[in-house]
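A short write-up of the structure that comes next.
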Amino acid sequence: QVQLVESGGGLVQPGGSLRLSCAASGSILAFYFMGWYRQAPGKERELVAGIFNSGTTNYADSVKGRFTISRGNANTIYLQMNSLKPEDTAVYYCTFGGSFWGQGTQVTVSS
């Protein structure tokens, strides 16, 4: 079993930055895909950024040029979020392989 723990969320003003981390523990496998999703109130969960084990990344159009996904060691991924906007407010979830999910971390962008 794999457990994922996110951290780094919080309250930030528009234009600010946050860095989310997702650490996996337990039976670590070589996942083909790891990513970050978010869900705002009243909206469906959406993909924000993903990274494949080849190193290829993909991003939602709404965050391109502002967010960067990266890998640390084999069991950690990050999401660097710059130039944050109020519409980025959501609960952010990490996933390994689409099968294992973290509990979510709240990101609130507000003045």
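What's counted below: heavy atoms across the whole structure, side chains too, no hydrogens, waters or symmetry copies. The chain is numbered in sequence order, starting from 1.
- Taking a 4.5 Å side-chain heavy-atom cut-off between Ile, Leu, Val, Met, Phe, Trp and Tyr, the cluster of W101 extends to Y32, F33, Y37, L47, F52, V91, Y93.
- For the residue pair T56/S54, the side-chain donor-acceptor check at 3.5 Å is satisfied.
- Checked against side-chain hydrogen bond (donor to acceptor under 3.5 Å, both in side chains), R66 has the following partners two or more places apart in sequence or in another chain: D88.
- In this structure, L84 and L18 approach most closely via the heavy-atom pair CD1-N, 3.8 Å.
- Contacts classified as side-chain hydrogen bond (donor to acceptor under 3.5 Å, both in side chains) and involving residues 10-19 (residues at least two apart or in different chains) are given here: S17-N82.
- When every heavy atom of A24 is checked against every heavy atom of F96, the shortest pair comes out as CB-CE2, 3.6 Å.
- Checking side-chain atoms of E6 against main-chain N and O of Q103 turns up a donor-acceptor pair under 3.5 Å.
- Looking at every heavy atom in both residues, P14 comes nearest to S111 through CD-N, 3.7 Å.
- Sequence neighbours left out, the pairs with a member in residues 59-111 that pass disulfide bond (SG atoms under 2.5 Å apart) are C22-C94.
- Looking at E87 and V109, their side chains never come closer than 4.5 Å, going by heavy atoms from C-beta outward.
- Pairs passing the salt bridge (Lys or Arg N to Asp or Glu O under 4.0 Å) check and including a residue from residues 42-57, sequence neighbours excluded, read R38-E46.
- Taking the salt bridge (charged side-chain N to carboxylate O under 4.0 Å, His left out) definition, one finds that K64 meets it with D61, sequence neighbours left out.
- Looking at Y59, its side chain never comes within 3.5 Å of a backbone N or O of G65 through a donor-acceptor pair.
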